[in-house]
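First comes the structure, then the notes that go with it.
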Amino acid sequence: MVSYFQMRTTDLHTHGIAGYDTQTTRAEEILKIAELHGAQGVSEIVLSVYPSAIHTMRDHMLTVAKAMDVQQAMGSRKGAARIIGIHLEGPFLNPVQCGALKKRFLSNPAEYTYRRLTEGFEEVVRIITIAPEMPGALRLIKEVSQKGVIVNMGHSDATFAEAEAGFRAGARGITHIFNAMRGMHHREPGIAGFGLLNRDVYIEVIADPYHLHPETLGLIFRAKDHKRILIVSDMVKGTNTSQRPEKAISDAKGRLLGGSMTVTESAGRLIRIGYARQMVHRCITENPRRYLNA
């Protein structure tokens with residue numbers, strides 16, 4: 001493993017890696033995810049839970065929480081990434097922009113559903129993605145943000161104005177910009193345009209070779225304040241860590257299922273193709289910490 005980075009590196013959005021993901025009730029599998037990310041130089045991870053039935057999501061959240069308890073009690077296994085919380089990627093998303101997520105498990109934002117989902121896990125849920133244009137979304141964004149949980153906007157068909165309303169309600173970031181969301185149009189910049197143009201909102205960027213065209217990556221880094229860019233992996237269990245460069249993780253229809261590089265590998269790739277090392281470095285070290293602690 002080649003490491004470009006000596007400071008603490010953070011991946012804010014990963015589902016799994018190399019045959020393991022958060023769809024499990026075995027804490028040892030969650031610990032294996034942390035171990036595999038750590039082997040690639042990742043210091044800490046926020047684990048993303050897929051939308052499913054509420055009781056199933058809670059089972060998966062409980063498993064992550066148990067793994068966090070093991071790490072806290074025994075210390076991280078040598079070289080393992082520290083698990084610092086949970087990201088709920090659903091269920092309050094727009095089915096029109098479900099991407100690889102199962103749309104039958106998506107629902108309109110509602111405080112009652114959120115309470116059912118998160119009761120008992122208040123200390124470990126760090127981030128939730130919500131589509132701001134859905135009925136009830138703005139109220140829930142405001143309530144959740146006031147409770148100290150970070151809200152991202154994503155899996156969304158929001159217009160520019162709807163994304164701006166979500167930001168004003170308390171959303172702090174945008175989940176994997178340009179992916180599973182309304183794109184930019186010259187008469188309607190949409191949520192992607194809002195992410196680029198608003199100086200304060202953070203944006204997740206999947207910087208593997210498959211999720212964004214090289215010129216789209218260039219647009220992002222030219223248009224956006226670098227302090228608001230968060231490189232994430234969005235890795236899934238189909239990733240094979242023994243093969244580099246990794247092929248795209250996709251289904252039989254060619255639809256992308258998730259990322260194919262850890263954040264350290266993605267950052268190293270950007271440096272090799274000419275992006276400034278210090279700037280890229282900030283996107284996986286300083287920027288995630290500022291985002292989590294603002």
message: Pairing donors with acceptors under 3.5 angstrom, does anything connect the side chains of T264 and Q40?
response: no
- request: Give, for atom CD1 of I249 and atom CE of M261, the distance between the pair rounded to the nearest 0.5 Å.
  value: 11.0 Å
query: Is any side-chain N of the basic residue among R182 and D157 closer than 4.0 Å to the acidic one's carboxylate O?
result: yes
message: Tell me whether K32 is salt-bridged to E35, with the criterion being a basic N under 4.0 Å from an acidic carboxylate O.
response: yes
message: Is it the case that over 12 heavy atoms from other parts of the model lie below 6.0 angstrom from the CZ atom of R289?
response: yes
task: Flag the pair D21 / Y50 as yes when at least one side-chain heavy-atom distance between them is below 4.5 Å, and no otherwise.
output: yes
- request: Would you give the length of the straight line joining atom CG of L140 to atom CZ of F92, rounded to the nearest 0.5 angstrom?
  value: 5.5 Å
query: Would E133 and S156 count as having a side-chain donor-acceptor pair, cut-off 3.5 Å?
result: yes
- prompt: Take atom CZ in R290; do more than 12 heavy atoms of anything else shown fall under 6.0 Å from it?
  reply: yes
- request: Show your working on side chain to side chain contact (heavy atoms under 4.5 Å, CB included) between L88 and L117 and close with a plain yes or no.
  value: CA-CA 10 Å; L88 297 174; L117 177 61; 3.8 Å; yes
field: E265 and R269 ion-paired at < 4.0 Å
entry: no
field: Heavy-atom closest pair, residues T159 and E162
entry: N-OE1, 2.9 Å
query: Do you know which of K237, H87, E89 makes side chain to side chain donor-acceptor pair (under 3.5 Å) with H15?
result: E89
message: Between D208 and S266, is there a side-chain donor-acceptor contact under 3.5 Å, judged purely by atom types and distance?
response: no
- request: Could you check H60 against T24 for side chain to side chain donor-acceptor pair (under 3.5 Å), going step by step and ending with a plain yes or no?
  value: CA-CA 6 Å; H60 297 161; T24 181; over 6 Å; no
task: Determine, using ring centers only, whether H176 and H13 are less than 6.0 Å apart.
output: yes
task: Could you verify whether a donor N or O on one side chain and an acceptor N or O on the other, from E164 and N198, lie under 3.5 Å apart?
output: no
task: Check whether any side-chain heavy atom of I174 sits under 4.5 Å from a side-chain heavy atom of F194, and report yes or no.
output: yes
task: Find out whether V263 and T10 are in side-chain contact, i.e. whether some heavy atom of one side chain is under 4.5 Å from a heavy atom of the other.
output: no
task: Find the distance between CG (L196) and CZ (R222) and round it off to the nearest 0.5 Å.
output: 11.0 Å
message: We want to know whether T129 and T175 form a side-chain donor-acceptor pair, criterion being a heavy-atom distance below 3.5 angstrom.
response: yes
- prompt: Of M134, K103, H155, which meets side chain to side chain contact (heavy atoms under 4.5 Å, CB included) against L93?
  reply: H155
message: If you count every heavy atom of other residues, nucleotides or ligands that lies below 6.0 Å from K147 atom NZ, does the total exceed 12?
response: yes
message: I'd like to know whether CZ of F160 has more than 12 heavy-atom contacts from other residues, nucleotides or ligands below 6.0 angstrom.
response: yes
- prompt: Are E44 and R8 within salt-bridge range, i.e. N to O under 4.0 Å?
  reply: yes
message: Determine whether a donor-acceptor pair (N or O, by modelled atom type, separation under 3.5 Å) exists between the side chain of H226 and the backbone of F221.
response: yes
query: Is there a donor-acceptor contact under 3.5 Å linking the side chains of D225 and Y202?
result: no
field: Whether over 12 other heavy atoms sit under 6.0 Å from R168 CZ
entry: no
query: Is any side-chain heavy atom of V64 less than 4.5 Å from a side-chain heavy atom of I83?
result: yes
query: Minimum heavy-atom separation for L47 to I30, with atom names?
result: CD1-CG2, 3.5 Å
